Number of protein chains: 2
Amino acid sequence: MAARKSKPPRQRRDAETARREILDAVEARLRQSGPAALRIADVAADVGVSHPAVLHHFGNREELIRAAITRAVDGLQSQLVEGMAQAKPDADSTLDVIGRLLDGLERKGYARMLAWIVLSGLEPETPDSRIAFMTQLVHEKRCQETALDPPPTLQDTRKTVLLIAYAAFGQAIFGDFVLRSSGVSDVKTEREAFRRWLADLVHAQLVGSTDPT
Amino acid sequence: MAARKSKPPRQRRDAETARREILDAVEARLRQSGPAALRIADVAADVGVSHPAVLHHFGNREELIRAAITRAVDGLQSQLVEGMAQAKPDADSTLDVIGRLLDGLERKGYARMLAWIVLSGLEPETPDSRIAFMTQLVHEKRCQETALDPPPTLQDTRKTVLLIAYAAFGQAIFGDFVLRSSGVSDVKTEREAFRRWLADLVHAQLVGSTDPT
DNA sequence: AACACTACTTACAGGACTGTCAACAAGCGC
DNA sequence: GCGCTTGTTGACAGTCCTGTAAGTAGTGTT
């Protein structure tokens, strides 16, 4: 028998909500497969709308991707700044600061996302000074805590921060791959172990002592 | 006046040469923009043939990419193994070994290429033990040279090797981006400086002394 | 209730890309 | 020369994708 043509009621969001839900979907797909593989129809299906609805909110594909990237980069930035801001000058150690940097980069898949962005050459052309800012914060902490006789140079701190960032990215991107091909069984535990090991190493490098007990 | 239809002579390579030239072009494009953005027609244009010629040699797009990736991964492998093999047990120090690891990863854009591969989830499913092998080599060197009293564990060496790999990848992918946004003027020099700094740091970590003079 | 606004839909046009096919031509053995 | 093999080509078919146009349906305002 012929089914009655009873269409399901059409869902209607306000523009802001729609944009947010769409960007969420875009971000997830970007993280998974990168910008070049993004299909508007897929995103639309994720959200549960037709593909012209997506175009209605963002104009075209390029703008859609740009919007998602901008939001992600801003998110990472506040994630980082927020994490650092929590570091009370005298309550927290550099060890905490390092942990927070690593956390911020990996949370919400920011590292993987940023890897896609940079590889694709889509990073916002903002000549931002975020890294310089982070470095400055770490350096101040370091100078307070250090046991090194010639006071550490900012250049040295910069390299250390760079190393932390690289390691975080490396783990986020190659971590599973490398561990799998190393025959490690408990990947999650191993990730944590590496992180602690790195934090200790960097801490020793920064303030010159690895066991303060 | 109507131009005479004088076709340029058709160039004809043997299959092996054609495949190699095509794979060269694919590799370059892969390194630049990744697998998802690869267009057969572009590759064909690079080589100077029509796009069906490319398909003739590789069957389809997927096989083409697979072939390029396989060749690249094999190349990286021999690059690495070769570099390590040069390390005479008693002539070279861990410092040299570290340098060689970094070199091998960055040479020919292997790091960037591998980043695309891993991000795209296209790594060959070979349960290879390359990393374990590298780790073993480094560990042996380390045990010979170390000044640490409790002999270093293999686990610790493994983490160190991991860190080197991560840093190499990080620099290859994010290096320019990060340095640019740090306001560094001479990028090339800074890259070198970081590498030396990292080699020293890791060396100290591995054999327990940073200034053997 | 009528009206405006706009999120959303279906249908379609245009283009880009992959893969196929039949024919062409360059080298090689005879 | 003649024919065979095979690298190579132009033309084409089918599909996928982006973007447009016109109309539909929620939601709020008066």
Side-chain angles (χ1 to χ4, degrees), chain A residues 2-30 32-69 116 120 122, chain B residues 2-30 32-69 116 120 122:
Chain A
R4 200 96 71 73
K5 242 193 196 171
S6 68
K7 292 188 185 176
R10 191 189 283 190
Q11 191 178 354
R12 188 188 172 95
R13 311 141 173 86
D14 61 294
E16 192 192 350
T17 307
R19 282 179 64 98
R20 203 190 57 248
E21 287 183 14
I22 291 171
L23 286 186
D24 287 344
V26 171
E27 207 172 301
R29 284 192 175 271
L30 244 39
Q32 186 60 38
S33 319
L38 189 86
R39 299 288 165 256
I40 297 176
D42 291 342
V43 173
D46 292 343
V47 179
V49 298
S50 62
H51 91 263
V54 175
L55 288 168
H56 168 72
H57 287 289
F58 292 92
N60 58 39
R61 199 185 100 107
E62 202 186 325
E63 280 303 315
L64 175 65
I65 293 176
R66 184 201 310 284
I69 288 178
W116 280 116
S120 306
L122 293 174
Chain B
R4 199 97 70 75
K5 240 192 195 169
S6 69
K7 292 187 185 176
R10 190 189 283 190
Q11 190 179 356
R12 188 188 172 97
R13 311 144 173 86
D14 60 294
E16 192 192 350
T17 308
R19 283 180 63 98
R20 201 189 59 246
E21 286 183 17
I22 292 171
L23 286 186
D24 286 345
V26 171
E27 207 173 301
R29 284 192 175 271
L30 244 37
Q32 186 60 36
S33 319
L38 188 86
R39 299 290 164 257
I40 296 176
D42 292 342
V43 172
D46 292 343
V47 179
V49 297
S50 61
H51 90 262
V54 175
L55 288 168
H56 169 73
H57 287 289
F58 292 92
N60 58 39
R61 201 184 99 106
E62 201 185 326
E63 279 304 314
L64 175 64
I65 293 176
R66 184 200 311 284
I69 287 178
W116 279 115
S120 306
L122 292 174

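Side chains included, hydrogens not; waters and symmetry mates left out as well; all remaining heavy atoms used. Here the structure is a predicted model, which means the values were calculated and not measured. We name chains A, B, ... by the order of the sequence lines, and we start the count at 1 in each one.
In this structure B/D24 satisfies the side-chain hydrogen bond (donor to acceptor under 3.5 Å, both in side chains) test together with B/R71, sequence neighbours excluded. Qualifying side-chain hydrogen bond (donor to acceptor under 3.5 Å, both in side chains) partners for B/E63, counting only residues two or more places apart in sequence or in other chains: B/R66. In this structure A/Q11 satisfies the side-chain contact (heavy atoms from CB on, under 4.5 Å) test together with A/R13, sequence neighbours excluded. Residues passing the side-chain contact (heavy atoms from CB on, under 4.5 Å) test with A/R19 are A/H57, A/F58, sequence neighbours excluded. Remark: B/S120 engages A/W116, B/P35, B/L122 in a side-chain contact (heavy atoms from CB on, under 4.5 Å) (not counting sequence neighbours). Applying the side-chain contact (heavy atoms from CB on, under 4.5 Å) criterion to B/A28, with sequence neighbours excluded, gives B/R31.
Near DNA chain D, meaning a heavy atom under 4.0 Å away, the residues from residues 14-23 of chain B are B/A15, B/A18. Within residues 56-68 of chain B, the residues having any heavy atom closer than 4.0 Å to DNA chain C are, in order of number, B/N60, B/R61. Within a heavy-atom distance below 4.0 Å of DNA chain C, the residues of residues 35-51 of chain A found are A/V49, A/S50.
Proximity note for A/L55 (side chain, C-beta onward) versus D/dT27, C/dG19, D/dT20: the nearest is D/dT20.
Annotation: the span from B/L23 atom CG to B/I69 atom CD1 amounts to 11.0 Å, rounded to 0.5 Å. Once rounded to the nearest 0.5 Å, the distance linking CD1 of B/I40 with CG of B/N60 reads 8.0 Å. The CG atom of A/L30 sits 6.0 Å away from the CD1 atom of A/I65 when rounded to the nearest 0.5 Å.
Side-chain atoms of A/R10 come within donor-acceptor range of the base of D/dT24, with a qualifying N/O pair under 3.5 Å.
Rounded to an integer number of Å, the gap from A/Q11 CD to D/dG26 C1' is 12 Å.
Note on residues 44-53 of chain A: pairs passing side chain to side chain donor-acceptor pair (under 3.5 Å), not counting sequence neighbours, are A/R29-A/D46.
Between D/dT9 and B/R12, no contact under 4.0 Å exists linking OP1 or OP2 to a side-chain N or O.
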